[in-house]
Each structure stands twice: as C-alpha cells, then as structure tokens.
2 protein chains.
Amino acid sequence: MGDSTSSVPPLLDLTIDNITPNAIKINSQSNNARSTYLMHRLVTHLHDFARETRLSTHEWMSAIQFLTQCGQISTNVRQEFILLSDVLGLSLLIDAINHPKPASSTEGSVLGPFHTHDAPTLPSGSSMTSDPDGEPLLVLCSVCDTHGNPIPDVKVDIWETDSTGHYDVQRSGRSRPTERCVMKSDTNGEFWFKAIKPVSYPIPNDGPVGKLLGALNRHCWRPAHLHFMLEKGGWDHLITALYVRGDPYETSDAVFGVKKSLIVDIEKVGKDTAAQYGVEEGTSLLKHDFVLVSKQETEELRDRNATEALEKLGLRMKLVDHLPVPDLD
Amino acid sequence: MGDSTSSVPPLLDLTIDNITPNAIKINSQSNNARSTYLMHRLVTHLHDFARETRLSTHEWMSAIQFLTQCGQISTNVRQEFILLSDVLGLSLLIDAINHPKPASSTEGSVLGPFHTHDAPTLPSGSSMTSDPDGEPLLVLCSVCDTHGNPIPDVKVDIWETDSTGHYDVQRSGRSRPTERCVMKSDTNGEFWFKAIKPVSYPIPNDGPVGKLLGALNRHCWRPAHLHFMLEKGGWDHLITALYVRGDPYETSDAVFGVKKSLIVDIEKVGKDTAAQYGVEEGTSLLKHDFVLVSKQETEELRDRNATEALEKLGLRMKLVDHLPVPDLD
C-alpha cells in the first residue's frame with residue numbers, strides 16, 4: 001500500500017506485471033490518505049480488469065469512444081453517466097452504502113438522472129402536474145421519525161414523468177419545469193398534492209447507455225413510480241421513490257431501484273376524503289408515511305457497517321471522517 | 001459466471017451483498033460470450049471498488065462530474081479519455097497485452113492523445129516540420145524483420161511537438177497539420193526526414209486529467225520523444241516512440257511510456273552524411289532501425305501469453321477469436 005513518504009521508483013521498462021505497483025506508487029505522493037487509497041483501488045481494479053480480460057486494443061478504443069459519447073450527450077438536464085451508473089447497479093450500491101436504513105425507516109431508491117434544481121416551491125395541497133392527459137392522483141403523505149413523532153418543515157422534492165412517460169427535461173424546448181415541485185411538511189409532518197398516476201417508461205435509449213442495454217439484450221423499462229427526496233437538518237437525506245404495485249416491470253427495473261417496502265397500493269378516494277381535499281370521489285389515491293432516521297443514527301450505523309464489511313474483506317482499515325483509509329499504525 | 005441461458009432473477013430488494021450477482025445475471029442475456037464476460041468482470045470490479053472504499057455519495061458525484069468533463073473537453077483533435085487512460089497506466093498495459101514483442105524486435109510505447117488522421121503524405125527525405133525555432137534534426141531510419149531483412153513499403157506515421165512543446169492540434173485556429181507526416185519505407189526498407197530535436201513537454205493540464213495529476217501531486221511532463229506508427233499488411237502494427245537520452249523526465253514519464261530500448265543517442269552529422277543528405281555538418285542526427293514482427297508470430301505469442309497468464313490467475317478460459325471467454329465445457 002502506497003504512502004505519502006515513499007519515494008517514486010524510476011518508471012522505465014514497465015510491463016504487464018510491474019505497471020500496477022508503479023502506477024500506485026506514483027499516485028501516492030499527495031498527503032491525502034483517502035485519495036491515495038481511492039487511486040490504489042481504482043488502478044488495481046482497472047488493471048486487473050484488463051489483465052483478466054486481455055482487453056483488446058479495439059475493445060479499449062470502443063470503451064474510450066463510449067465514455068466520450070456519454071460525456072458529450074450530457075447537458076445540465078441530462079446526465080448519461082448517472083444513467084450508466086444506474087444500469088450497472090452502482091447507484092443502488094452507493095445509496096445502500098451511504099444511507100443504511102434501520103428497520104422501520106423508509107428505504108432509499110436510486111436518484112436517477114432526472115432530478116433538477118429548478119422545481120417550483122409549492123404550498124402543500126397544490127397540483128404538481130400540468131398534464132391534462134394523466135390520470136388524476138391524490139397523494140397524501142406524512143413524515144415522522146422512527147418513534148412515530150411527526151417531523152415538520154421537511155423539504156420534499158417530488159418529481160415524475162408526464163402521462164407519456166417523459167420527464168420535462170426530455171422535451172426539446174423545455175421552457176419551465178413541470179411535473180416537479182418542492183414542498184414542506186406542515187406542523188403535523190403532513191404534506192399532500194395532486195399529481196398524475198405514474199406510468200412505466202423506458203429510460204432514455206437514444207444515447208450510448210440505451211445502445212449498451214440493447215447490445216446486452218436488456219430492456220430499458222422502469223416500473224411506474226413517483227420520486228421523493230426528503231431533507232432536513234439533523235436528518236439523513238432520504239432519496240427514494242414509491243412504486244405502483246402490479247407494474248409489469250416491478251421485478252425487472254432497468255436500474256435496480258425497486259424494494260418491496262416501497263411498492264404501494266393505489267386506492268380510490270372515498271366521499272369524505274373527496275370533500276376534504278376537493279377532488280372527485282373515486283379519484284386514485286396514494287397514501288404514504290415516510291420515516292426518517294437521524295443523521296447521527298445513520299452515521300453510526302454506516303460506520304459500524306463499514307467496519308464490519310472491511311473486516312470481513314480482510315482489510316485493515318480505520319475510518320477518518322467516516323471514510324476508510326489503510327490503518328498503517 | 002452468467003451464461004446466456006440463465007433466466008433472469010426477480011430484481012427486488014437489492015442490497016450491498018446481492019446487487020453484484022444480480023447485475024451480472026441481467027447482463028448475461030446476450031448470446032455474445034465475450035461481452036457477457038467483459039460485463040461480468042466490469043461490474044465485479046466496479047462494485048468491489050465501491051465496497052472496499054465504501055465510496056461516499058459525494059465522491060461518486062465527483063467521479064460522475066469528472067467523467068462528464070473528460071467527455072465534454074474532448075473534440076476530434078483532443079481525447080481526454082485517452083489521456084486519462086495514459087496517466088493511469090492503462091494504455092501501456094493494453095499495448096503490452098496486445099503487442100507482445102519477441103526479443104530483438106522494436107518495443108511499443110503509448111499512442112497518446114495526439115495522433116491525427118490528416119497528416120500529409122511526404123516523400124522520404126522531406127522536412128516534416130515548419131517550425132523555424134526548433135533545432136534541426138536529421139532522422140535516418142530503416143525497417144527490417146527479426147532476421148534483418150529490409151521491409152519496403154511500410155507506411156510510417158511520424159509526429160512530434162513544435163519547439164515550444166505543443167502539438168499542432170493544441171493551437172487554437174489550427175488550419176492544417178504541421179510537425180506530422182506519413183511516409184513509406186523504400187526498397188531497402190529505409191526512410192529519412194528532417195525534423196526538429198524533440199523537447200520535453202507537459203501533457204495538457206488545462207482539463208480534468210491535468211487537475212487530477214495536480215491533486216495527486218504528480219508532475220505532468222513527458223520526456224522528449226518522436227512518435228512513430230508503422231503499418232504494413234502481414235506485420236504487427238507497431239506504435240512506438242524514440243526518447244532522447246538524458247531527458248530530465250526520462251524515468252518519470254507522466255504516461256509510463258519510456259523503455260530503455262527506445263532511448264536513443266543524438267549524434268552529430270559528419271561531413272559525408274551532410275553531403276549525402278543535404279544538411280549542414282554538425283546538425284543533430286538520430287539514427288534508428290525498427291524491427292517489425294509478423295502478424296502471425298505476434299498472434300501466436302499473444303495467445304500463448306494470454307493462456308499462461310489466465311492459468312496463473314486460476315481462471316478457466318478458452319480463446320475465441322484470440323480473446324478469452326469462460327470455458328464452460
């Protein structure tokens with residue numbers, strides 16, 4: 001394992017067998033133990049991949065071109081590398097590592113490439129859709145802690161596709177955000193809004209990631225869902241989604257996001273609820289109670305999980321700022 | 001190991017521990033054993049990297065942004081992902097895997113991101129530089145096989161920087177290629193040209209890769225060299241470079257390209273040579289004899305190396321079209 005005091009070896013006559021330790025050494029000259037460790041593992045895995053596959057020059061060049069295309073198709077409202085991370089299962093893994101959930105709390109799901117930062121802030125009770133063709137959906141939610149106490153003033157980001165299965169950012173000439181909003185939970189920890197019943201949709205398949213899925217004979221569909229991001233100081237940032245039960249892609253989500261606890265039933269609004277929320281009786285209804293975990297509890301759980309997992313891997317590590325670095329002492 | 005006949009498991013409730021086998025399974029639905037194997041190893045290494053480092057959401061997002069910037073700064077004459085591959089030692093490794101060299105043949109070196117396809121074809125004896133500030137260099141070369149027989153009609157791509165250490169493509173408003181050419185070896189396997197004495201230069205440090213080197217406390221210099229690419233049907237494509245002996249970066253090349261056998265001495269042109277080639281006596285002189293290996297010999301050596309290396313790694317593989325896939329029989 002490299003460390004910042006090691007001298008750099010003469011880099012000459014590098015071969016299949018000695019390139020890796022030498023590249024690791026030369027990447028170990030900063031005083032940042034974390035970046036030294038990240039580069040150590042990155043170079044090791046990258047080189048091992050090439051050695052195990054005997055990667056051909058042609059395949060290498062195809063990968064270079066693929067990555068270049070991912071970068072070039074990305075814009076401030078399209079992120080092909082996040083999509084790539086999603087379809088490779090990396091995004092799910094990163095979420096699971098960073099946001100471990102104690103039993104009884106709401107599980108996380110993938111952020112996806114379609115969250116934006118320009119959603120309008122709307123008062124609870126607003127409609128967050130402008131699509132007249134969608135099936136109206138009343139959404140009644142609450143936020144509480146793991147003891148059932150309501151949490152007020154939680155900032156909630158909500159986004160979904162229109163009834164054709166497209167996010168606003170996928171439309172050319174998008175002039176303003178639609179089918180997305182930010183609201184706050186009230187003093188009872190509640191918030192509610194009018195939306196449309198989510199539909200299943202294909203992830204963007206006009207770019208390099210879509211072509212990759214095609215080449216792998218994978219479908220590119222996601223089951224119908226509504227995205228939620230819940231944020232409040234002192235609480236672990238929750239990125240999640242609610243999935244409509246019975247979707248044909250419920251168990252084959254292209255981005256691995258579905259969890260049983262996040263699959264919800266769509267009910268019908270009864271007479272009293274219709275009157276209370278000003279919607280027609282029989283309107284589709286989604287009710288969900290989100291359970292947040294405190295930042296401290298999450299950090300402790302994450303540190304404990306990390307320590308246990310690294311021990312199981314046989315790695316001698318210590319946590320610095322909650323992130324593992326080699327324990328050289 | 002996935003295979004194309006395996007049914008896809010229900011993808012639900014994926015965790016840190018089960019995401020990898022499930023992602024591998026879903027990537028194993030094509031009938032292409034090679035792409036199934038490549039994806040198997042890619043997903044395994046990518047996920048192992050995240051698990052070993054407990055990669056934070058912030059680090060993941062930094063990587064997404066870094067890759068996006070690499071794509072977006074790339075153009076048809078700038079390739080930041082090749083540069084990234086170069087500084088990570090991957091390019092050297094890919095060359096070594098794909099172009100093994102028997103003793104007595106010319107070793108390969110990294111292609112680098114500055115080769116273009118628009119270099120003018122010049123007759124042997126031409127000047128390939130238009131830089132009046134460079135130190136004139138007469139370059140006399142030959143190409144032969146491993147038995148010393150000359151190889152005529154070899155297409156030779158040659159490129160170098162100008163005297164300020166910049167390739168033509170790094171100049172804004174480049175209207176035509178300079179400091180690069182393509183020529184052919186004559187019936188004696190010889191070719192010669194007028195160039196300038198190469199200088200050491202920094203790889204482009206205005207992009208994400210340059211910033212990465214800075215963060216790692218690595219310098220971004222390459223020792224002075226002249227690039228050569230030799231190509232002829234039946235012979236293994238040789239991508240190499242000649243390095244000027246005594247360069248301050250001789251043993252710390254930022255892209256790991258230097259090999260002892262490729263370090264050359266710069267001599268001075270004597271009276272007879274000056275008269276023969278029409279240059280002034282005392283001009284700097286670089287003489288080099290390139291030795292090509294037949295395509296067949298290279299393929300056999302590559303297959304043998306691959307088989308031995310994979311056995312050493314304990315992998316049960318077979319070669320299909322010279323590329324390893326799992327041997328499931």
Side-chain angles (χ1 to χ4, degrees), chain A residues 8 10-16 19 23 26-27 29-30 35 37-39 41-43 45-57 60 64 67-68 70-72 74 81-82 88-90 92-94 96-98 215-218 251-253 256 258-260 306 309 313 315 323-324, chain B residues 8 10-16 19 23 26-27 29-30 35 37-39 41-43 45-57 60 64 67-68 70-72 74 81-82 88-90 92-94 96-98 215-218 251-253 256 258-260 306 309 313 315 323-324:
Chain A
V8 176
L11 299 174
L12 205 61
D13 284 333
L14 296 169
T15 66
I16 297 176
I19 180 69
I26 206 168
N27 285 333
Q29 302 172 83
S30 83
S35 71
Y37 179 57
L38 288 175
M39 292 305 294
R41 300 315 305 155
L42 175 69
V43 164
H45 284 296
L46 191 66
H47 291 192
D48 282 350
F49 172 75
R51 276 186 290 254
E52 288 166 3
T53 60
R54 308 297 289 187
L55 196 69
S56 76
T57 304
W60 170 81
I64 296 279
L67 294 169
T68 306
C70 286
Q72 298 200 333
S74 293
F81 279 111
I82 291 186
L88 294 178
L90 180 63
L92 181 282
L93 180 55
I94 297 296
I97 287 171
N98 286 279
L216 294 173
N217 212 14
R218 280 176 60 174
T251 60
S252 69
D253 182 2
F256 309 100
V258 186
K259 289 174 179 152
K260 278 196 207 86
L313 291 172
L315 299 172
L323 293 172
Chain B
V8 176
L11 299 175
L12 205 61
D13 285 333
L14 295 171
T15 66
I16 297 176
I19 180 69
I26 206 170
N27 285 333
Q29 301 173 83
S30 83
S35 70
Y37 179 57
L38 289 175
M39 292 305 295
R41 299 317 304 155
L42 175 69
V43 164
H45 283 295
L46 191 65
H47 290 193
D48 282 350
F49 172 75
R51 276 185 290 254
E52 288 165 3
T53 60
R54 308 297 290 188
L55 196 70
S56 76
T57 304
W60 170 82
I64 296 280
L67 293 169
T68 306
C70 286
Q72 298 200 333
S74 293
F81 279 110
I82 291 186
L88 294 178
L90 179 63
L92 183 281
L93 181 56
I94 297 295
I97 287 171
N98 286 278
L216 294 173
N217 213 14
R218 280 177 60 175
T251 60
S252 69
D253 182 3
F256 309 100
V258 186
K259 289 173 179 153
K260 278 196 206 89
L313 291 172
L315 299 172
L323 293 172

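On a predicted model such as this, the values are computed, not experimentally measured, just so you know. Order of the sequence lines fixes the chain letters, A, B, ..., with proteins taken first and strands second; residue numbering starts at 1 for each chain.
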Original post:
Hey, is the main chain of H47(B) close enough, under 3.5 Å, to the side chain of H45(A) for a donor-acceptor pair?
Top reply: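 It does not hold such a pair.
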**OP:** Say whether, by atom type as modelled, one donor and one acceptor occur between the side chain of E52(B) and the main chain of L313(A) under 3.5 angstrom.
**Re:**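 Side chain of E52(B) to backbone of L313(A): no pair is present.
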If I measure from the heavy atoms of chain B, does [X] come under 4.5 Å with its side chain, its backbone, both, or neither?
X: L323(A); result: side chain
X: L315(A); result: side chain
X: I16(A); result: both
X: D253(A); result: backbone
X: V258(A); result: both

Subject >> Pick from L42(A), T68(A), I82(A) with the largest number of heavy-atom pairs that fall under 4.5 Å of chain B >> reply: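 Top count of heavy-atom pairs under 4.5 Å with chain B: T68(A).
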**OP:** Find the one option among V43(A), N27(A), D48(A), T15(A) whose heavy-atom pairs under 4.5 Å with chain B are most numerous.
**Re:** N27(A)
Smallest separation among heavy atoms of [X] and [Y], with atom names:
X: L38(A); Y: F49(B); value: O-CE1, 3.5 Å
X: D13(B); Y: K260(A); value: OD1-N, 2.9 Å
X: Q72(A); Y: S74(B); value: NE2-O, 2.8 Å
X: S30(B); Y: A215(A); value: CB-O, 3.6 Å
X: I97(A); Y: A50(B); value: CD1-O, 3.5 Å

Inter-residue atom distance [X].[atom1] - [Y].[atom2], 0.5 Å rounding:
X: R51(B); Y: L93(A); atom1: CZ; atom2: CG; result: 5.5 Å
X: W60(A); Y: L90(B); atom1: CH2; atom2: CG; result: 7.5 Å
X: F81(A); Y: L67(B); atom1: CZ; atom2: CG; result: 4.5 Å

Original post:
Under the side-chain contact (heavy atoms from CB on, under 4.5 Å) criterion, do L88(A) and M39(B) qualify, and how do the steps go?
Top reply: CA-CA 9 Å; L88(A) 294 178; M39(B) 292 305 295; 3.6 Å; yes
**OP:** Below 4.5 Å from any heavy atom of chain A, which atoms of L55(B) appear? Answer side chain, backbone, both or neither.
**Re:**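 Interface part for L55(B): both.
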**OP:** Below 4.5 Å from any heavy atom of chain A, which atoms of L92(B) appear? Answer side chain, backbone, both or neither.
**Re:** side chain
Original post:
If you count heavy-atom pairs under 4.5 Å between each of S35(B), C70(B), S56(B) and chain A, which one has the most?
Top reply: S56(B)
